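Working notes for the structure below.
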Amino acid sequence: MKTFKNLRVILIMTLLVAVLSACGSKSNSNNESSSNSGASPSANESGKVPDPIELLNVSYDPTRELYEEFNKSFALYWKEKTGGKITIKQSHGGSGKQARSVIDGLPADVVTLALGYDIDAIAEKGQLKADWQKSFEQNSTPYTSTIVFLVRKGNPKGIKDWGDLIKEGTQVITPNPKTSGGARWNYLAAWGYATKTLGYDEPQTLDFIKKLFNNVPVLDTGARGSTATFVEKGIGDVLLAWENEAYLAIKEFGDKFEIVTPSISILAEPPVAIVDKNVDKKGTRAAAEEYLKYLYTEQGQEIAAKNFYRPRLQSVVDKYKDQFAELNLLTIDDDFGGWKEAQAKHFSDGGTFDQIYKPGS
Amino acid sequence: MTLLRKKDRVLPGLSITLGFSVLYLSLIVLIPLAALVIKSADLSPSEWWDTVSDPRVVASYRLSLTTAFFAALVNLVFGLLLAWVLVRYKFPGKRIVDGLIDLPFALPTAVAGIALTTIYAPKGWVGSLLEPLGVKVAYTPIGITLALIFIGIPFVVRTVQPILQDMESDMEEAAVLLGSYRARTFFKIILPDLIPPLLTGFALAFARGIGEYGSVVFISGNMPMKTEIAPLLIITKLEQYQYGEAAAVAVVLLLISFVLLLLINVLQRWSNRRLRSVKGG
């Protein structure tokens with residue numbers, strides 16, 4: 001009987017400990033970022049920098065190759081400049097999902113996402129200042145891209161411009177603008193073309209877009225998924241793609257595809273920003289700033305261009321001008337009134353994209 | 001059971017074990033589910049209703065529920081067959097086949113989805129053979145059902161298998177000796193015992209299918225109103241930072257599933273009781 005009593009006491013104790021630790025970890029989970037960087041809070045307050053420095057760059061899918069190369073180059077540059085060691089961790093995924101992770105506490109030092117809209121969403125939660133886009137040159141967009149067509153070798157359907165995409169029997173592959181940042185650029189580029197060629201008539205423009213999306217047999221959730229559908233599964237006649245994704249596909253399977261540049265497209269600006277709250281907590285602001293500034297230097301721009309992103313620096317632009325066809329580029333700010341307006345009009349629930357799929361239409 | 005006095009149970013008394021169960025269930029299941037409901041309460045009642053009654057959302061519920069139902073039905077029949085073969089026959093490689101059954105549990109669902117899509121896409125191995133016959137699998141509800149069959153198969157096999165194993169063949173032999181036909185033996189002697197585990201397996205596969213995301217998004221084509229599953233719509237809303245709307249859709253999906261599972265449970269109890277009264281009498 002006595003052993004039973006002892007056992008009972010032990011069990012109760014264990015249970016209490018379990019409960020307490022469960023409660024403890026629960027109250028911690030709300031500010032996970034602080035517990036991660038909590039190693040040196042006092043060091044930060046006295047202005048010291050952690051050593052060695054570690055940065056986390058939270059980015060979207062197609063920049064994987066770009067940042068692998070860029071981070072190596074930056075680490076060398078940092079060592080030369082300060083003599084210190086810096087390591088940069090990368091995180092990739094759909095742009096919106098990445099932004100949500102940062103909102104929910106992923107301790108990103110910098111974010112390099114597909115759309116300003118996604119960074120705005122983080123800013124709304126107070127993790128960085130509202131006018132973040134003014135922090136760096138060129139709208140905080142060190143490299144740009146655009147939307148082009150990838151077609152099968154020989155262009156059997158004779159696709160030259162957006163107008164060819166609404167022909168009957170042409171299959172267009174694009175991801176879903178509701179789940180993919182890249183797809184929103186696709187959609188807006190098509191919208192911009194239709195607006196200009198149809199004399200700024202909104203119902204006609206909507207009709208054009210509706211016809212285009214009626215030719216879409218599969219809506220993948222992300223840009224990489226669409227590329228796989230087109231390239232590997234052999235579905236569709238034309239893929240609407242980021243220019244850099246199209247080039248990557250050509251690089252990989254050069255003999256099977258070709259790039260068609262439409263007459264009008266959009267200047268896709270994937271911006272970068274420092275996550276103020278996290279860098280201040282970790283004491284990594286200086287390094288994070290230097291990291292993003294390095295994107296604008298000759299070396300950074302060269303790496304961007306090599307990875308098929310359009311550089312901003314004139315000397316690098318000149319060097320790579322054969323790689324990037326010149327075309328008429330719309331911009332989100334001038335032609336669509338910025339991301340807030342574009343999002344509300346086209347992609348929010350009940351927006352133009354949803355109207356395409358209204359029942360009975 | 002009655003040989004053990006109440007005090008001498010292996011685990012300590014009811015108050016502690018029950019306390020632990022409630023706490024554990026709360027932390028793991030109830031609190032997260034409550035958070036979901038609370039999140040959906042961010043919306044005003046009219047917003048809430050507009051979100052969950054949107055034609056596109058309703059279409060996605062219908063699609064998710066029907067494909068999960070048919071997939072579970074297919075698994076019910078073929079899962080039983082698989083379990084039967086594994087229990088009643090000896091053949092070379094039996095252990096390997098038995099091990100294969102669990103693989104859909106272990107495989108990341110996205111990998112399964114991509115593999116199935118590659119094979120059943122119009123230009124894939126199987127898809128290219130079906131295309132001339134006018135059968136389209138990938139990017140149709142058939143493809144979704146296929147993915148759900150794949151992820152659901154272990155549920156039925158693994159719930160039926162142990163019951164089948166315990167079943168003694170005496171009764172079958174007796175039935176046959178007494179001149180019963182094969183079919184009669186199966187339906188009168190074997191099947192009644194299997195109905196409760198079959199229903200459990202069906203319910204598990206069905207529930208899993210309703211919420212399945214990873215393996216389906218690749219093969220479904222995600223076309224609004226046609227092949228857009230409810231979990232994808234939830235993700236879509238999250239992607240637009242509409243946490244309230246996403247939670248509302250999820251809550252409705254949970255409610256529907258809960259009612260359906262409850263029905264299956266009632267059915268199971270009923271068949272259990274009937275079985276006992278038949279056996280008893």
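Note: hydrogens, waters and symmetry copies are ignored here, and every other heavy atom, side chains too, is used. Nothing here was measured: the structure is a model prediction, and the numbers come from that model.
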Does any backbone or side-chain atom of Pro224(B) lie under 4.5 Å from a heavy atom of chain A? Answer side chain, backbone, both or neither. both
Taking every non-hydrogen pair under 4.5 Å, which of Glu245(B), Met225(B), Gln240(B), Glu228(B) racks up the most with chain A? Gln240(B)
Under 4.5 Å, counting heavy-atom pairs only, tell me which of Thr117(B), Thr227(B), Val217(B), Thr118(B) racks up the most with chain A. Thr117(B)
Heavy-atom closest contact (Asn222(B) atom, Asp220(A) atom, distance): ND2-CA, 4.0 Å
Would you say the side chain of Phe218(B) lies within less than 4.5 Å of the side chain of Thr229(A), judging by non-hydrogen atoms? no
Within the supplied structure, the quantity of interest is the number of heavy atoms (other residues, nucleotides, ligands) at a distance under 6.0 Å from Phe69(B) CZ; does it exceed 12? no
Just checking Phe105(B): does its CZ atom have more than 12 heavy atoms from other residues, nucleotides or ligands closer to it than 6.0 angstrom? yes
Listed partners of Lys153(A) passing side-chain contact (heavy atoms from CB on, under 4.5 Å), at least two apart: Glu258(A)
Over 12 foreign heavy atoms within 6.0 Å of OH, Tyr243(B): yes
Tell me which pairs pass salt bridge (charged side-chain N to carboxylate O under 4.0 Å, His left out) where either residue lies in residues 177-188 of chain A, with sequence neighbours left out. Lys178(A)-Asp349(A), Lys178(A)-Asp354(A)
Output the distance between atom NZ (Lys97(A)) and atom CD1 (Ile235(B)), rounded to the nearest 0.5 Å. 9.5 Å
Is chain A contacted by the side chain of Tyr24(B), its backbone, both, or neither, given a heavy-atom distance below 4.5 Å? neither
Max heavy-atom pairs within cutoff under 4.5 Å with chain B, candidates Glu124(A), Lys233(A), Glu232(A), Gln343(A), goes to Lys233(A)
Would you check if Thr221(A) and Leu232(B) make a side-chain contact, meaning some heavy-atom pair closer than 4.5 Å? yes
Taking side chain as C-beta onward, heavy atoms only, is Arg100(A) less than 4.5 Å from Glu239(B)? yes
Heavy-atom check, side chain of Tyr357(A) versus side chain of Met223(B), under 4.5 Å: yes
What part of Lys226(B) lies closer than 4.5 angstrom to a heavy atom of chain A: side chain, backbone, both or neither? neither
Quick check: are there more than 12 heavy atoms from other residues, nucleotides or ligands sitting under 6.0 Å from OH of Tyr120(B)? no
